[in-house]
Amino acid sequence: MQFKFYMPTEIHFGEDVIINNKEVFSKIGSKALIVTGRSSAKKNGSYDDVKKALSQTGVEHLLFDEVEENPSLETIEKGSEIGKSNNVDFIIGIGGGSPMDAAKAIAVFIKNPEIHKDNIFSAGKLDSIPVVAVPTTSGTGSEVTQYSIVTSNKEKTKKNLGQSIFPKAAFIDSKYTFALPYEITVNTAIDAFTHLVEGYLNTNSTNMSDVFGEKGFELFKYCFEKLIGKELSPEFREKVMMASVMGGIQIAHTGTSLPHGMGYPLTYFKGLPHGLANGVLTIEFLKSFKEQRKIDRMLNILGFRHLAELEAVFNCLIDVKIDITEDEIYEYSRSFIANKNKLKNHPEEAGLEDIIRIYSKSLLKN
Ligand code: NAP
Ligand code: FE
């Protein structure tokens, strides 16, 4: 057996972790750019807690609160200009995956002033200034991954920045998610679940990464039940956050595979939220496997005997109706097949016909 396990992010998990570990910020830097979405960080208490911790430890800060969902390279460039002109020495990303991923990309742009939106993808490996991450959704796991998923309007797609930017520290306190609306709770939980699935059924999975997958499925046995019953208690919030962290640690080692890669055009062209874009493809993805043994193990941990029971849970939680034509499916499938990055993580042979079939069966139901 051989594997490499690398998780450089210092993880602080639990209630009030920001205030209780405030000295972490002053060890990392002396002037921070805080990167958030437009409003949620100010409402859920996360921004206030970070501000308090910084002022108590003498760290200066300024705020960039313009990150949109599925952050664009234009927004990232704008944030990095503000950071550069104010000489910040680290970045704090607070929010869902969008602000956390934008924070990572801004940290790369600030460290490398010659980098801009048109040369980033051909730049080779780059360093970044340090990043601290504070998740306020339980979904992406971005607080413990090296990935930054950005929107390239030039290429009309979402893609990984192609750099490795693990946050130096992650402060994970599920109280920031207490008021997350039901719909966003479901969509982001489905994202976390798809990370666990795609990381578990992956060319790069190891006995070590499977530990996180299997723990995540165990948590989801509880979380699915509560999501269906709409019982979003603090205990649920903490467990789904934990499952999301498990999924993040797992995909940091394995990467994601077909549903994530195939979901990007559904977000870019059809506006589907990220979790739904993966989620709508997941059941047909699972059905496409010739080798079902590992899927059976996963279902067993989830407390299901057959894939149909997981399908029933998905049908109960998500209802995606989009207008899509067979020509569009063909186009998305062709461009997916042309990009080998996700395909190589899928442990079975898959060709154009297989991809078209997964899209069609998932999206052309009636
Ligand atoms: P998001 O795009 O960050 O946020 C979605 C919405 O939720 C926004 O309107 C946001 O409002 C709101 N929101 C966030 N936290 C909230 C809270 N505590 N209470 C109420 N509303 C809240 O959603 P996400 O699903 O977390 O992130 C998706 C992005 O992450 C996608 O771009 C995806 O590709 C990426 N992703 C990254 C990784 C990775 O490893 N890096 C993995 C999977 C997905 P505001 O805008 O006001 O904050
Ligand atoms: Fe995801």
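The first residue of the sequence shown is numbered 1, and numbering continues consecutively from there.
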So which atom in [X] and which in [Y] form the shortest heavy-atom distance, rounded to 0.1 Å?
| X | Y | value |
| --- | --- | --- |
| I106 | L33 | CG2-CD2, 4.1 Å |
| T9 | P167 | OG1-O, 2.8 Å |
| I190 | G275 | CG2-O, 3.4 Å |
| P71 | V67 | CB-CG1, 3.9 Å |
| I165 | S148 | CD1-CB, 4.1 Å |
| Y176 | I18 | OH-CD1, 3.4 Å |

[X] and [Y]: side-chain donor and acceptor closer than 3.5 Å?
| X | Y | value |
| --- | --- | --- |
| H260 | N160 | no |
| N153 | E74 | yes |
| D127 | N112 | no |
| N70 | Y268 | no |
| T75 | S72 | yes |
| Q250 | H195 | no |
| K104 | S142 | yes |

In Å and rounded to the nearest 0.5 Å, what is the [atom1] to [atom2] distance from [X] to [Y]?
| X | Y | atom1 | atom2 | answer |
| --- | --- | --- | --- | --- |
| E15 | N20 | CD | CG | 9.0 Å |
| Y332 | I356 | OH | CD1 | 13.5 Å |
| N44 | S39 | CG | OG | 9.5 Å |
| I324 | L266 | CD1 | CG | 5.5 Å |
| K22 | L54 | NZ | CG | 11.5 Å |
| I91 | S128 | CD1 | OG | 8.5 Å |

Taking NZ, NE, NH1 and NH2 as the nitrogens, is one of them in [X] or [Y] under 4.0 Å from a carboxylate oxygen of the other?
| X | Y | answer |
| --- | --- | --- |
| K294 | D296 | no |
| K221 | E218 | no |
| R357 | E353 | no |
| E214 | R297 | yes |
| E10 | K168 | no |
| E81 | K84 | yes |
| D118 | K154 | yes |
| E349 | K290 | no |
| E235 | K239 | yes |
| D323 | K270 | no |

- Donor-acceptor pair, side chain of Y359 and main chain of D354, under 3.5 angstrom: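 The answer is no, because no donor-acceptor pair under 3.5 Å joins these two groups.
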
- Message: Tell me whether D49 contacts the main-chain N or O of S46 through its side chain, where contact means a donor paired with an acceptor under 3.5 Å.
- Response: no

- Query: What residue among I129, I115, I82, N87 forms side-chain contact (heavy atoms from CB on, under 4.5 Å) with I110?
  - Reply: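 Considering I129, I115, I82, N87, a side-chain contact (heavy atoms from CB on, under 4.5 Å) with I110 is found only for I129.
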
Assess the pair [X] and [Y]: is the distance between their ring centroids shorter than 6.0 Å?
| X | Y | value |
| --- | --- | --- |
| F193 | F224 | yes |
| H346 | F289 | yes |
| F217 | Y200 | yes |

- Message: Below 30° counts as parallel, above 60° as perpendicular, anything between as tilted: where do the rings of Y6 and F166 land?
- Response: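 Perpendicular.
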
- Hey, what's the ring geometry for F5 with H253, parallel, tilted or perpendicular (30° and 60° as the breaks)?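 If you compare the ring of F5 with that of H253, the planes turn out parallel.
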
- Task: Indicate yes or no: at least one non-hydrogen side-chain atom of N21 is less than 4.5 angstrom from one of F171.
- Result: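 A side-chain contact exists here, since the closest heavy-atom pair is under 4.5 Å.
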
